[in-house]
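Take a look at the structure set out below.
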Amino acid sequence: MGIKISRFGKLSDGREAKLITLANKNGMTIEVTDYGATLVSVVTADKNGKYADVVLGYADVTDYAKNGGYFGATIGRCGNRIGGAAFTINGKEYQIDKNENGNSLHSGFKGYDKIIWDTQVDEENLTVTFSHHSPDMEQGFPGNFDVTVAYTLTEDNAVKITYDGKTDRDTIANMTNHSYFNLEGHDSGSILDHILWIDADGITAVDAESIPTGEILPVEGTPFDFRTEKPVGRDIEQDNEQLRMGGGYDHNFALNTDGSLKKIAQVKAPVSGRVMEVFTDCVGVQLYTGNFIEKTQIGKDGKAYDKRCGLCLETQFYPDAVNHENFASPVLKAGETYHTETIYRFS
Ligand code: BGC
């Protein structure tokens, strides 16, 4: 039980990264790094007490900097896409990096996934808090944004992620975590057999560039209906326009929520029997089935990852919410506090 800090390698510019290991009294451990405030590993027991690492990740910080995919990373200031990489706040238009088809994905070329965060360790509460002072106009967003991401390993085998932030000008605050889960073990191949439940009656329909059209498409009678649990892969190859546009599931589910912290999704691994429950107070969750993972992404233990070998459940505001009046607004007002929580609990 406790917290240990070790080295996690050096970036090409000489900056060193830390690896922080948290262990609870049940034998579960997680690792996080200050590079990107990233969740590097989650080692949990299966139904027979056998431990495995259930998130995709890389062996050291240079691979995180080089190989992409946002494995386990903290995404901010605005997770997901912004159409045209442009938005207006208080009548003023802002243009941010166009890093995907003329749009912004995960806040452009230098997101929070690529910075080294300040680290604070709280041994008693098994918590690591990463903080970042994001200056006015960093990534093109208005306002000095002071943000923290805290990872707690709880005694009931959950990874609790808490985001807090404050700004001095109205800005966008939409943080998320980009972990790819494979509950059979990070090196065990496809996640298509995982059984998934998501508490959402609709998804935000997207165009060919994965930008929301504004329409909330009911999941009823579509491959997006996970209200009754089913294998992730059961309907993934169906002839469906939305699936074609995402190359599989890469869609935001409009959660049935009142904004309180509640269970919104569950994943079960059929062989190991591991279960992951997801709780959040966010209004949306992006289900991304790793459609674009490539074999050149060599992860921990030298494992060459592949398409659909991990799935993400990224809790957040809806994509491009700043540009849609019918979506809950991701704008954080000056002087107000941003606070969201997401819990991934394992059994
Ligand atoms: C997006 C995917 C994207 C991936 C990057 C996800 O959040 O929805 O479209 O390819 O991030 O790894």
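You'll find the side chain of Y344 stays beyond 4.5 Å of the side chain of K160, heavy atoms only. A 4.5 Å side-chain heavy-atom check between L56 and F181 finds every atom pair outside the cut-off. Looking only at side-chain heavy atoms (C-beta outward), I264 and F279 stay at 4.5 Å or farther from each other. Using a 4.5 Å heavy-atom threshold, the side chains of T204 and I216 count as touching. Looking only at side-chain heavy atoms (C-beta outward), S6 and L19 come within less than 4.5 Å of each other. Between M175 and I75, every side-chain heavy-atom pair lies at or beyond the 4.5 Å cut-off. In this structure the side chain of L313 reaches within 4.5 angstrom of the side chain of I198, judged on heavy atoms. Taking the side chain as every heavy atom from C-beta outward, S104 and K98 never approach each other to under 4.5 Å.
In K230, the NZ atom is crowded: over 12 heavy atoms of neighbouring residues, nucleotides or ligands sit closer than 6.0 Å. Dense packing is recorded around NZ of K262, with more than 12 heavy atoms of other residues, nucleotides or ligands lying under 6.0 Å away. The environment of R244 atom CZ is dense: over 12 non-hydrogen atoms of other residues, nucleotides or ligands sit within 6.0 angstrom. Taking a 6.0 Å sphere around CD of Q238, one finds it holds more than 12 heavy atoms contributed by other residues, nucleotides or ligands. At most 12 non-hydrogen atoms from other residues, nucleotides or ligands lie less than 6.0 angstrom from NZ of K4.
Between the side chain of Q297 and the backbone N or O of N67, at least one donor-acceptor pair lies under 3.5 Å. Put simply, the side chain of T74 gets close to the backbone of A37: a donor and an acceptor are under 3.5 Å apart. Between the Q139 side chain and the G76 main chain, a donor and an acceptor come within less than 3.5 Å of each other. The backbone N or O of N125 sits less than 3.5 Å from a side-chain atom of D122, completing a donor-acceptor pair. Judged purely by atom type and a 3.5 angstrom limit, S272 has no side-chain atom pairing as donor or acceptor with the backbone of D46. No donor-acceptor pair closer than 3.5 Å links the side chain of N144 to the backbone N or O of D168. Looking at D156, its side chain never comes within 3.5 Å of a backbone N or O of R345 through a donor-acceptor pair. In this structure, Q95 contributes its side chain and G84 its backbone to a donor-acceptor pair below 3.5 Å. Between the side chain of N99 and the backbone N or O of L105 there is at least one donor-acceptor pair closer than 3.5 Å. No donor-acceptor pair closer than 3.5 Å links the side chain of T289 to the backbone N or O of L311.
Note that the CD1 atom of I3 and the CG atom of L22 stand 4.5 Å from one another [nearest 0.5 Å]. Here the CG-NE2 distance, from D118 to H133, works out to 11.0 Å after rounding to the nearest 0.5 Å. In this structure, the separation between OG1 on T222 and NE2 on H251 is 9.5 Å, given to the nearest 0.5 Å. Rounded to the nearest 0.5 angstrom, H178 NE2 and E314 CD are separated by 4.0 Å. With rounding to the nearest 0.5 angstrom, the CD atom of E341 is 4.5 Å from the OG1 atom of T162. Taking CG of N80 as the start and CG of N252 as the end, the distance is 7.0 Å to the nearest 0.5 Å.
In this structure, W117 has its ring center closer than 6.0 angstrom to the ring center of Y112. H106 has its ring centre less than 6.0 Å from the ring centre of Y70. Aromatic pair Y58/F71: ring centres closer than 6.0 Å. Taking the ring centroids of Y163 and F130, they lie at or beyond the 6.0 Å cut-off. F224 and Y249 have their aromatic ring centers within a separation under 6.0 angstrom.
A donor-acceptor contact closer than 3.5 angstrom links the side chains of H186 and D301. Side chain to side chain, T213 and D207 fail the donor-acceptor criterion of an N or O pair below 3.5 Å. For the residue pair E215 / H324, no side-chain donor-acceptor distance below 3.5 Å is found, with atom types taken as modelled. For the 3.5 Å distance criterion, the side chains of N256 and D201 qualify, holding a donor opposite an acceptor. Looking only at atom types and distance, the side chain of D250 has no donor-acceptor partner in the side chain of N291 under 3.5 Å away.
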* To do: Would you please test K166 and D146 for salt bridge (Lys or Arg N to Asp or Glu O under 4.0 Å) and show each step?
  => CA-CA 5 Å; K166 255 194 142 164; D146 286 291; over 6 Å; no
Original post:
Passes side-chain hydrogen bond (donor to acceptor under 3.5 Å, both in side chains), N101 versus E209? Steps please.
Top reply: CA-CA 7 Å; N101 305 318; E209 293 174 354; 5.2 Å; no
* Asked: Could you go step by step and tell me if Q242 and L217 meet the side chain to side chain contact (heavy atoms under 4.5 Å, CB included) rule?
  -> CA-CA 10 Å; Q242 285 297 313; L217 195 78; 4.0 Å; yes
- Task: Start with the C-alpha gap between Y305 and Y180, add the side-chain angles, then the distance that decides, and say whether side chain to side chain contact (heavy atoms under 4.5 Å, CB included) holds.
- Result: CA-CA 11 Å; Y305 292 133; Y180 294 72; over 6 Å; no
Run the numbers on I96 and I82 for side chain to side chain contact (heavy atoms under 4.5 Å, CB included), then give the verdict. CA-CA 9 Å; I96 59 172; I82 297 180; 3.9 Å; yes
*asked:* side chain to side chain contact (heavy atoms under 4.5 Å, CB included), that's the test. Do T62 and F8 meet it? Break it down for me.
replied: CA-CA 9 Å; T62 51; F8 199 46; over 6 Å; no
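Closest non-hydrogen pair, A65 versus L11, comes out as CB-CD2, 3.7 Å. Shown here for C282 and L255, the closest heavy-atom pair between the two residues is O-CD1, 3.6 Å. Between T33 and A17 the shortest heavy-atom distance is OG1-CB, 4.0 Å. Of all non-hydrogen atoms in I298 and A304, the two that sit nearest each other are CD1-CB, 3.7 Å. The two residues K47 and V271 make their nearest non-hydrogen contact at NZ-O, 3.1 Å.
Hydrophobic clustering of Ile, Leu, Val, Met, Phe, Trp and Tyr side chains at less than 4.5 Å, counting indirect connections, keeps Y64 apart from I115. Hydrophobic clustering, with ILVMFWY side chains joined whenever heavy atoms are under 4.5 angstrom apart, groups V54 together with V232. A continuous path of hydrophobic side-chain contacts links F253 to V267 [ILVMFWY only; heavy atoms under 4.5 Å]. Hydrophobic clustering (side-chain heavy atoms under 4.5 Å, transitive across Ile, Leu, Val, Met, Phe, Trp, Tyr) groups V285 together with F346. Residues V278 and L196 fall within the same hydrophobic cluster, defined by Ile, Leu, Val, Met, Phe, Trp and Tyr side chains chained together at heavy-atom separations under 4.5 Å.
Ion pairing of R308 with E237 is present here, as a side-chain N (NZ or NE/NH1/NH2) and a carboxylate O approach within less than 4.0 Å. Using a cutoff of 4.0 Å between basic side-chain nitrogens and carboxylate oxygens, E184 and R274 are not scored as salt-bridged. One finds no salt bridge joining R227 and D199 here, because no Lys/Arg side-chain nitrogen approaches an Asp/Glu carboxylate oxygen to under 4.0 Å. A salt bridge does not link D63 with K300: every distance from a Lys NZ or Arg NE/NH1/NH2 to an Asp or Glu carboxylate oxygen is 4.0 Å or more. A salt bridge does not link R81 with D320: none of the charged nitrogens is closer than 4.0 Å to a carboxylate oxygen.
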